[in-house]
Structure formats: structure tokens, C-alpha cells
Amino acid sequence: MCGIVGYIGDKDAFPILIKGLHRLEYRGYDSAGVALLNNKGELHIFKTKGKVNNLEKYCSDKDVSGNIGIAHTRWATHGEPSDINAHPHYSQSKDIALIHNGIIENYLSLKQFLKDKGYIFKSETDTEVLVQLIEYVKKEHKLSLYDAVQRALSQVIGAYAIGVIERQNPNVLIAARKGSPLIIGVGEGEYFLGSDASPIIEYTNKVVYVGDEEVVRMEKDREMEIRNLSDSVIVPEITELQMDLSEIEKGGYPHFMLKEIFEQPRALSLCMNGRVHEELKEIKLSGIIDHIDRFRNARRILISACGTSWHAGLIGKYLFEQFCRIPVEVEVASEFRYRNPVIFPNDVMIAISQSGETADTLAAIELAKSKGAFIYGVCNVVGSSIARATDTGTYTHAGPEIGVASTKAFTTQVAVLAMMVFAIGRELGTVKQDEYEKLVTELAFIKNKIEEILALKDSIESMSKVFTYAKNFIYLGRGFNYPVAMEGALKLKEISYIHAEGYPAAEMKHGPIALIDEEMPIVVIAPKFAMYDKILSNVQEVKARNGRIISIVTKGDTQIKALSDFVIEIPETIECLSPLLTIIPLQMLSYYVAVAKGRNVDQPRNLAKSVTVE
Ligand code: M6R
């Protein structure tokens, strides 16, 4: 979704802003722009449809001097992607420039009000309404920019993260946030603004996470000031980013997605570090230790998430019900939030999100909270909105995930859920000590088995090239691997644009079987567990209709292998942890199919990395 960058200090702002925009490209966008205040007292806006490279080209013969500026990548919501709709937007007098991430829900009534006051609008965006409103309020009440932003925002309904600069005020950068992410980097007498840490990390690791309804005033060589919309003064809390630059660079890989697939053993190590104690055969999660009674007394667990995180949540259901015997409901957050669900005060909601900024998941949390449920977060991004909205939780510590298609976020989410379940199950007595020890040991060493699968890279790559012809794929799995089938299908459709669906294998005969012919690739996830014979029958049904079978089987398998056109063998493991292995070849398959089709793997069309609008 939209990305925000800002700078105020002694340095040239333009290169910092452009580099920052490049760092935010992964979020997904369709236009880009920059506003700069130079030392002649001019406020220039340059913006173009398309990629940041276009913007750079467009600016190559322009005056891009100045030590204060704001920049933006836009993911269109109100109005098509175009030069005019791109941010920043000027106010009517062209004295104020503003960038915005989020949606102003009451923009139409505000627009009409401003039109009646003589304001003329150039774009179709809700953002232009905001900059005009700030100017109107400023003039009408003779306020400073800081006060005008605060006053204007109190009239706004919706979500925003904004950066604002003013021609007459070359030393001041104003920012504010509600619902959309915003971070301030604190340098030596300078400040940086970012939708996340990636445009900031190479300059400073000291950051302030702007809170909801907070307005920030930054001035070179002065302490920042923060006030909220109720006019209370907020003391900025400076925290240190635990992240280094190499984590957001490709490190020799052609794509972030491939890097992130290969990072999974390390991501799982970091995720389990200090939590899974193999030598003691024990799992320690502070979020669980401190709140075990909430789980002990839970009437039910609700899991709410979107996309890949929802798939991890579905695996969570299988885990919780098998090992803790607590009933679990899993629902995509966008449905949950609007269907008036029954929520009890002794429910526990587990909210799962890589970015920690997904608007629907955040809204589901607020709803559950309002009914008294206890909220446990499973997030990757430290300090994110969801992490802060939850009562407690466990970070996945996967490190920054830049590729739009989630990979290491998924495996670390599943690992966190497994850790939670084993720890809770042991406390509740539903997991016996010998079983617990076996589970802990398998989890601790699963990363080595992932390494073995990653070593199959070349054969998976050459197999993938065979399937570039396909228009559709079906993925089949059962039990713990049914959500993996859905996740494998999502990966393929996101980055290769091939239609794919994941089904519980036995459901195939209730409809999808009609699609099978000699053209149709069927990916069958069939490791050797209790349901093996059942899934073998499903494979035979596919074979009888000449489908092309790609199977994921346990090493040494003979029966399903004999029926398959292509086979990928994975090491033996415990069934409940098998998703951590079976998903790996599916991620690789999607990646290599997409590369063979020449797709933009890291920034697939129409998709955004963090979906901050509903
Ligand atoms: O940041 P979140 O985990 O909350 O994001 C949820 C989905 O938007 C996300 O998983 C999306 O489906 C990914 N593109 C999947 O690869």
C-alpha cells in the first residue's frame, strides 16, 4: 500500500527521499511523487504515474534542491493511477504540500464544504481534501501549521498517516497518524519519516512509533513535539530498531522472495531462539507463561487473520484442537468484523499478521476487545499497530519480509502457533511429558530438514518450467496439509497469475474433479501419515482422469510416487509439524513458475505488501 518518506535536516533531501521510496517499493504502488522546499523559499512538487524510476527520470532536469521534503508511493483507492492523483498534493494556494496513506471516509462531505468556500479540486483523491482542509482551517483560525493540522484532523473520519510541509515554514515538518503506520527516525539534529523502518534504517536506529491520533512537529536541531487530538502533550518514546540494512537488501539473490524462501531455516532459528530449549526439552514463551489462566479458562479460541496468515491460523486450529482440546474458530478478519459474531469475555482471540498493519485484522481485534476477549498477537513487525493493539503476544522474528508473497512469515507463524500449543498443552495436561519432549525436539531440528528440501532447488526449477503452459492448478491436501494446499495455491496465483485452488483432497469428487483432464496439473501433498491410504485413493481418482500429478511425499514412498508425473521427496517428520516442510517445495514451485513466465515476482500486479485499507 502507500509508502511515506520524509526528511528534515542539513542533508540534501532528494536522494534520501528517492532511496526511501525505492525501499518502500515492495509495499505495492502505482505512482510516486516528491515535494521539496528549497532555500529560495520555493515549494516544488514532482510526481508521475508508474515506478520510482520514472519519477527519477522526470526529475532529472528539475530543481530538486532542499533540505526538507516529503515523498510518497501511491496505491490507488480514490481515483485511477495518474500523475494528477499521485501524491504529494498542493493546497489551493500551493503553500502547503501533503502526503497521505489511508482513507478519509468523510471526504465527500468535507469536499462539498470546501467547494462551498471556493476551493477548487484538481484530483479525485480524498488526500487533496485533507490538504485543502488544513489550509482552510489555518487561514480561518489564523493558526500555525502544527495547530491547523491538529484541528483539521479532528474533523476527519478514517485512517491516515500524513507528512506536511509549508512554503513559509522551511524548518518544520509535521506528521500525524491514525490507523496507518508511521515511524520517525531520530538523527543528529535531523528527522526521517517512514511508513516502516526500511527508509530510515541506514541513517539511524533510533525511532519513535507515532501513536494513533498523535500529531508530531519536527524542526531541525530541536526536540520533536507531540500532541494528540485532545491536545495532551505526549512524551516521545525513543526505541532502538533491532534490524540491520542487510536484512532489507537482496544479498546476491535475484529476488527478495527467493532470498526469503532460503532464509527460512535461519528465520526459524531466530523465531525459536530463547524459546525452544532443546537441551531442557522445554518451550518457554513469556506471553503464555504470564497469561496461562486466560487459556486455561478459555471458552474458545478465535483466530483472525487474512491471506497467508489466515492459512497459518487454520493450521493453528488443527494444532490447538488436537493438543489442547480447546475449540477453535478461524475466520478471515474481513468477514468476522462485519458479521456480528458471538464473542464471549472468556474467549481468547489470536490475531496473526506479518505486517501487523492489516486493516481488517486490526478491526477484528477492536471488535473482540470491545466484547472483553483477551487478544494474543502473532506478528512479525515489531512495534506494529496490531502488536500494540493486542494484550500480549509472540513476535515471529522472521526479519523483514519484502517479497509481496509471504514465505518465511508463514513458516514462522506456524512455528509460533506450534510453540504456543505445545506449551499450553503441557500446562493443561493434554500433552503428556514424553509426547511433549518428542514435539519439542522435532521442532528444534526441523530447520535442518528444510535445508534438505531447499537443496532440491535445481530439480524443482526444471520441473517448474514444464508448467508455464498451465492456466489452472489444483492443490490437494488433508488434515494439517489442507491449509498448506490453500497456501500453495495462493502463492502460485499471486506471483504467476495462474489460477489455482486448494482443496481438502476428499472434497475433489464433490466438484473440482470435473476440471481434470490431461492438461490439468494437480499438486498432491501426501506425506506418509494416518490418512495416507485415503489420499492414495484420491490420487488414483486423478490418475484415472489423466491429470498431471505433482506429489509431495515422504522419502522412500513408492505407491504415490508410482502414480505421479513429478515427485518431490521430503524428510520424515511428525504430522502436526509437516506443514513446515510441505510448504517449502510449493513456495519454490510458485517462484520458479513465475520466473519462467517472466513475472515481477517481488511486486506482482495489483498486490500490496501490507493492506492498510479494508
Ligand atoms: O501482513 P498480514 O500477514 O496481515 O497480511 C495478510 C495478507 O495480506 C497477506 O498474507 C497476503 O495474502 C500475502 N500477499 C500472501 O502472500
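Order of listing sets the numbers, starting from 1, for every ligand and every atom in it.
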Next item on the list: Return the residue, atom name and 0.1 Å-rounded distance of the protein heavy atom closest to atom 7 (C) of ligand 1.
Entry: Cys306 O, 3.7 Å
Check: Which of the atoms in ligand 1, numbered in the order shown and given with their element, are less than 4.0 Å from a heavy-atom of Ser309?
Finding: 2 (P), 3 (O), 10 (O)
Next item on the list: Report, in ascending order of atom number, the atoms of ligand 1 lying under 4.0 Å from any heavy atom of Ser406.
Entry: 15 (C), 16 (O)
Notebook entry, point to check: Which residue supplies the protein heavy atom nearest to atom 14 (N) of ligand 1, what is that atom called, and how far is it?
Noted result: Glu494 OE2, 2.4 Å
In a table with atom names and distances, give each donor-acceptor pair under 3.5 Å that connects a side chain of residues 595-602 to protein atoms at least two apart or in another chain.
{"residue": "Lys597", "atom": "NZ", "partner": "Thr468", "partner atom": "O", "Å": "2.9"}
{"residue": "Arg599", "atom": "NE", "partner": "Ser496", "partner atom": "O", "Å": "3.0"}
{"residue": "Arg599", "atom": "NH2", "partner": "Ser496", "partner atom": "O", "Å": "3.4"}
{"residue": "Asn600", "atom": "OD1", "partner": "Gln603", "partner atom": "N", "Å": "3.2"}
{"residue": "Asn600", "atom": "ND2", "partner": "Gln603", "partner atom": "O", "Å": "3.4"}
{"residue": "Asp602", "atom": "OD1", "partner": "Phe256", "partner atom": "N", "Å": "3.3"}
{"residue": "Asp602", "atom": "OD1", "partner": "Met257", "partner atom": "N", "Å": "2.9"}
{"residue": "Asp602", "atom": "OD2", "partner": "Phe256", "partner atom": "N", "Å": "2.7"}

Note to self: Strictly distance-based, threshold 3.5 Å: is any side-chain N or O of Glu357 a donor or acceptor partner for the main-chain N or O of Ser385?
What the structure shows: yes
Notebook entry, point to check: For Tyr376 and Thr394, does a side-chain donor sit closer than 3.5 Å to a side-chain acceptor?
Noted result: yes
Check: Does Thr361 come within less than 4.0 Å of ligand 1, judged by its heavy atoms?
Finding: no
Checklist line | Nearest neighbour in protein (non-hydrogen) for atom 4 (O) of ligand 1 | finding: Thr358 OG1, 2.4 Å
Check: Hey, is Arg27 close enough to Asp196 for a salt bridge, meaning N to O under 4.0 Å?
Finding: yes
Notebook entry, point to check: For ligand 1, which atoms have a heavy atom of Lys491 less than 4.0 angstrom away?
Noted result: 15 (C), 16 (O)
Checklist line | Lys178/Asp212 salt bridge by N-O under 4.0 Å criterion | finding: no
Check: Considering only the protein, which heavy-atom contact is closest to atom 8 (O) of ligand 1, and what is its distance?
Finding: Val611 CG2, 3.9 Å
Next item on the list: Heavy-atom contacts with Ala405 under 4.0 Å: which atoms of ligand 1 show up? List them by number with element.
Entry: 16 (O)
Check: Does a side-chain N-to-carboxylate-O contact under 4.0 Å join Arg177 and Glu213?
Finding: no
Notebook entry, point to check: Which part of Glu357 is near ligand 1, with near meaning a heavy atom under 4.0 Å away: side chain, backbone, both or neither?
Noted result: neither
Check: For atom 1 (O) of ligand 1, what is the nearest protein heavy atom, given as residue, atom name and distance?
Finding: Ser355 OG, 2.6 Å
Item checked: Set of residues satisfying side chain to side chain donor-acceptor pair (under 3.5 Å) with respect to Gln587, sequence neighbours excluded -> Gln264
Next item on the list: Please report which non-hydrogen protein atom sits nearest to atom 12 (O) of ligand 1, along with the residue it belongs to and the distance in Å to one decimal place.
Entry: Gly307 CA, 3.3 Å
Check: Quick one: nearest non-hydrogen protein atom to atom 15 (C) of ligand 1, plus distance?
Finding: Thr308 OG1, 3.0 Å
